Each structure stands twice: as structure tokens, then as C-alpha cells.
Amino acid sequence: ACAFNAPLAGIVYALEELGTHHFHRVKKALLASILVAGLTVQAVLGPYLTIGTVHLEVRGFWDVVAAIGVGIFGGVLGTLLGRMMIEGIKRRDKAKTKKQVLITAGVAGLAMAALITQNPEVHGSGIELLKDFFFHAHHANPMTLLGRMLGMTLVATTFAAAGNFV
């Protein structure tokens with residue numbers, strides 16, 4: 001959370017990890033340590049954003065309408081991603097033996113490799129894609145978006161430990 005200048009993400013992560021079983025014992029120390037870590041990063045590195053500062057200009061009513069449309073579209077895609085992950089987790093939980101788990105992870109790995117072979121932009125953190133989009137007027141390829149969604153689903157639902165940085 002400190003590396004990405006996201007102290008709220010640190011709070012959420014810490015609460016998820018420690019808060020489920022031990023929150024009543026460690027809540028003050030937990031929140032204090034997160035705040036101190038965030039303030040230390042701010043003091044040492046200063047305020048920064050991972051992708052830089054974006055300046056957007058609203059030029060009229062239709063810009064607002066377009067922003068609302070993009071927000072709705074993003075919400076629909078987020079819902080689709082969530083449903084894909086839930087379905088993948090349900091399938092993952094049906095695995096009974098280590099062999100089934102390994103086969104599932106292996107198939108997902110091969111599928112991810114095939115995705116990357118077809119479109120190298122589907123893996124990584126996505127920071128470069130965001131920088132290109134915000135600062136170089138690069139338009140996202142819809143197949144890249146769908147590939148990234150599928151990649152996150154494959155990794156997150158097959159016992160793989162790569163998180164969202166596919």
C-alpha cells in the first residue's frame with residue numbers, strides 16, 4: 001500500500017489479514033502502524049501518483065454524459081469479472097485431490113500462456129497501459145481488456161499465487 005501511495009488499501013488489506021481473527025486485540029496497533037507507514041512514505045517520497053497526474057477538462061454536457069456511460073460500462077464489466085471469478089472459485093472448490101488441483105492450475109497456466117502469446121499486453125500490472133491511455137492518447141484494444149479479465153480469473157480461481165499481476 002505504501003509503494004503505491006494507497007494508505008486506504010493498506011488498511012483494508014491489514015483488516016482482511018489480521019482483522020478476521022485478531023481484530024479486537026490489535027485494532028489500535030494495526031491502524032497506528034498503517035498510518036505511520038503511510039505518513040513515512042509521504043515524508044520521504046512526497047505526494048506522488050503511480051501513473052503521474054492526470055488533468056482532465058470537462059468541456060460540456062456531453063462530456064458528463066460520456067463519463068456516466070463509461071462508468072456504467074465499467075460497472076457492467078466489473079460485474080462480469082466478479083461473476084467469472086465466483087464461477088471459477090466454485091469449480092476450483094470441486095477439486096478433491098492434489099492431482100486435480102495441479103491439473104487445474106496447469107491448464108490455467110497453459111491458457112494464460114496462450115493468451116500472452118496472442119496479446120502480450122494481457123499480463124503485467126497494467127501501469128504502462130494506463131500511462132499510454134492517459135498521456136499518449138492510446139486507445140485500449142477490447143481484446144486486451146477481455147484478455148486481462150480472463151487472465152485475472154484464471155489466476156485468482158486456480159490456486160495460483162500471482163494475484164492480479166498476471
Side-chain angles (χ1 to χ4, degrees), residues 1-20 23 27 30-31 34-35 37-93 108 111-166:
C2 291
F4 292 104
N5 196 16
L8 291 178
I11 291 171
V12 170
Y13 176 75
L15 292 176
E16 284 175 354
E17 293 300 316
L18 294 174
T20 54
F23 185 67
K27 64 181 170 186
L30 179 63
L31 294 175
I34 294 166
L35 290 173
L39 291 172
T40 302
V41 168
Q42 290 284 316
V44 173
L45 299 176
Y48 70 95
L49 296 173
T50 303
I51 62 169
T53 304
V54 178
H55 298 283
L56 300 175
E57 179 182 324
V58 177
R59 293 173 288 198
F61 174 76
W62 292 111
D63 285 353
V64 174
V65 170
I68 291 170
V70 168
I72 291 170
F73 181 69
V76 169
L77 285 179
T79 301
L80 174 64
L81 178 61
R83 286 187 179 176
M84 285 171 40
M85 287 191 174
I86 288 169
E87 190 61 36
I89 289 169
K90 286 179 184 176
R91 290 176 189 261
R92 177 193 74 187
D93 290 345
M112 193 63 216
L115 277 173
I116 293 169
T117 301
Q118 295 301 311
N119 184 351
E121 291 183 333
V122 301
H123 72 87
S125 67
I127 291 174
E128 293 304 319
L129 290 173
L130 289 174
K131 285 182 179 179
D132 286 345
F133 180 76
F134 284 121
F135 302 117
H136 304 295
H138 174 79
H139 298 289
N141 177 350
M143 295 312 291
T144 298
L145 177 63
L146 293 174
R148 291 184 71 82
M149 289 174 63
L150 181 58
M152 282 191 288
T153 302
L154 287 170
V155 170
T157 61
T158 57
F159 298 108
N164 291 332
F165 296 101
V166 179

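Everything numeric in this text was worked out from a predicted model, so none of it was measured. Quick note: residue numbers are just sequence positions, from 1.
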Smallest separation among heavy atoms of Leu81 and Met149, with atom names: CD1-O, 3.5 Å

Minimum heavy-atom separation for Asp63 to Glu57, with atom names? OD2-O, 3.8 Å

Output for pair (Met143 CE, Leu150 CG), nearest 0.5 Å, gives 9.5 Å

Leu115 and His123: CA distance, side-chain angles, deciding distance, side-chain contact (heavy atoms from CB on, under 4.5 Å) verdict: CA-CA 9 Å; Leu115 277 173; His123 72 87; over 6 Å; no

Stepwise side-chain contact (heavy atoms from CB on, under 4.5 Å) check, Val122 with Met112: CA-CA 9 Å; Val122 301; Met112 193 63 216; 4.0 Å; yes

Please list all pairs passing the salt bridge (Lys or Arg N to Asp or Glu O under 4.0 Å) test where one or both residues lie in residues 64-78, with sequence neighbours left out. none

Of all residues at least two apart in sequence or in a different chain, which pass the side-chain contact (heavy atoms from CB on, under 4.5 Å) check with Val70? none

If you measure from CD on Glu121 to CZ on Arg148, what distance do you get to the nearest 0.5 Å? 8.5 Å

Mind checking the CG-CE spacing from Leu154 to Met85? Nearest 0.5 Å is all I need. 9.5 Å

Can you tell me how far CG of Leu146 sits from CG of Leu80, rounded to the nearest 0.5 angstrom? 8.0 Å

